[in-house]
Amino acid sequence: MSGESCGLLHAARDDDRVFDRVDYEGPVARWCSGCGDHSVLSAAQRLLAEKQLAPENTVFVSGIGCSSRFPHYMKTYGFHGIHGRALTIATGVKLTRPELDVFVVMGDGDCISIGAGHWVHAVRYNVDMVALLLDNEIYGLTKKQTSPTTPQGYKSNTQPRGSYLPAMNPLEATLGITNASFVAQTAEWIPAHLFATLKAAYEHSGFAFVRILQRCPHFTADIFGEAAKQPDRVEILEGPGGIRVEALDAIYKNKVEHDSSDLAHARALAQDMTAIRLGIFFEDESRPRYEETRSIPQHSAHEKMELLEKEFERYAV
Ligand code: SF4
């Protein structure tokens, strides 16, 4: 999303301000103690500081859910939207103000369920932004309801005998969408990998989709809470175009060789949900971005009114 790589006009900094992480910190987050959302918030603030993004030119957009409180805790612009519509709002923001850095934060219900149509087309439109799916595999805000990514058989308040259907696979689905340009997965309990992934997503020119496996100690402690204690269950993707975090080598020893330009291999890796695979599955910056395929004419308010009147006249009877 950097101005240099995408060729878009980003807001120029005409001052010598230097931002620290604290400059992006809003009020104390009200998520449960131990919630993985805290970790993602911290990584996002670190990223903004590293990239020295001006808070007034940065926007966090969210929908509804626990993670969607995210914009409240960032000292940037933010839009806490409505359920499933974060991507539509973010697309409007980016198309209208291409110089802004736009981040979208969604939960699994928000993105994969009610927002599924928007998710599919946002991937295809490939508008330059970072989309974060904080996936705790449950509806937390509404007190443990089955979400599309809840594992089959997992008991919830809406399906007390266990989730009826096999869980949706967000990576496999995203990799199947025409014009997908960046698909990655990370885990919030591995902060170094999380940060490296967010950084790669930000530096990607186009729509960067990142699924973040997220612990919910309140309702699904046994899902990722257990996985976080078992490094052997994790496989790190490494290879051309991938992320390399040497500091993790001593703990995360399982590696999978993968070239991030190989879509067929990315799909094969994503299909197998028995291992927790983390890294960049696919990246292709040559894919067309919607904002490049159209030019928005610039008109004064007076010209807009004239054009509008002319359009109305076409339908006069
Ligand atoms: Fe986090 Fe779960 Fe608490 Fe929601 S219910 S704030 S996802 S721990």
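Counting starts at 1 for both ligands and their atoms, following the listed order. Bear in mind the structure is a predicted one, so any value in this text is a computation, not a measurement.
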May I ask you to check whether over 12 heavy atoms, not counting those of [X], lie within 6.0 Å of atom [atom1]?
| X | atom1 | value |
| --- | --- | --- |
| Lys255 | NZ | yes |
| Arg124 | CZ | no |
| Tyr154 | OH | yes |
| Met305 | CE | no |

Taking atom 3 (Fe) of ligand 1 as the centre, how many protein N/O/S atoms fall inside a distance shorter than 2.8 Å?
-> 1
Decide whether Thr76 and Thr58 meet the rule of one side-chain donor and one side-chain acceptor closer than 3.5 Å.
-> no
Are Glu283 and His204 close enough that a side-chain donor and a side-chain acceptor fall under 3.5 Å?
-> yes
Is the side chain of Ser156 donor-acceptor paired with the backbone N or O of Gln159 at a distance under 3.5 Å, no angle test?
-> yes
For atom 7 (S) of ligand 1, the protein heavy atom that lies nearest, with its residue and separation = Asn136 ND2, 3.3 Å
Could you see which bit of Gln214 sits under 4.0 Å from ligand 1, with heavy atoms only: side chain, backbone, both or neither?
-> side chain
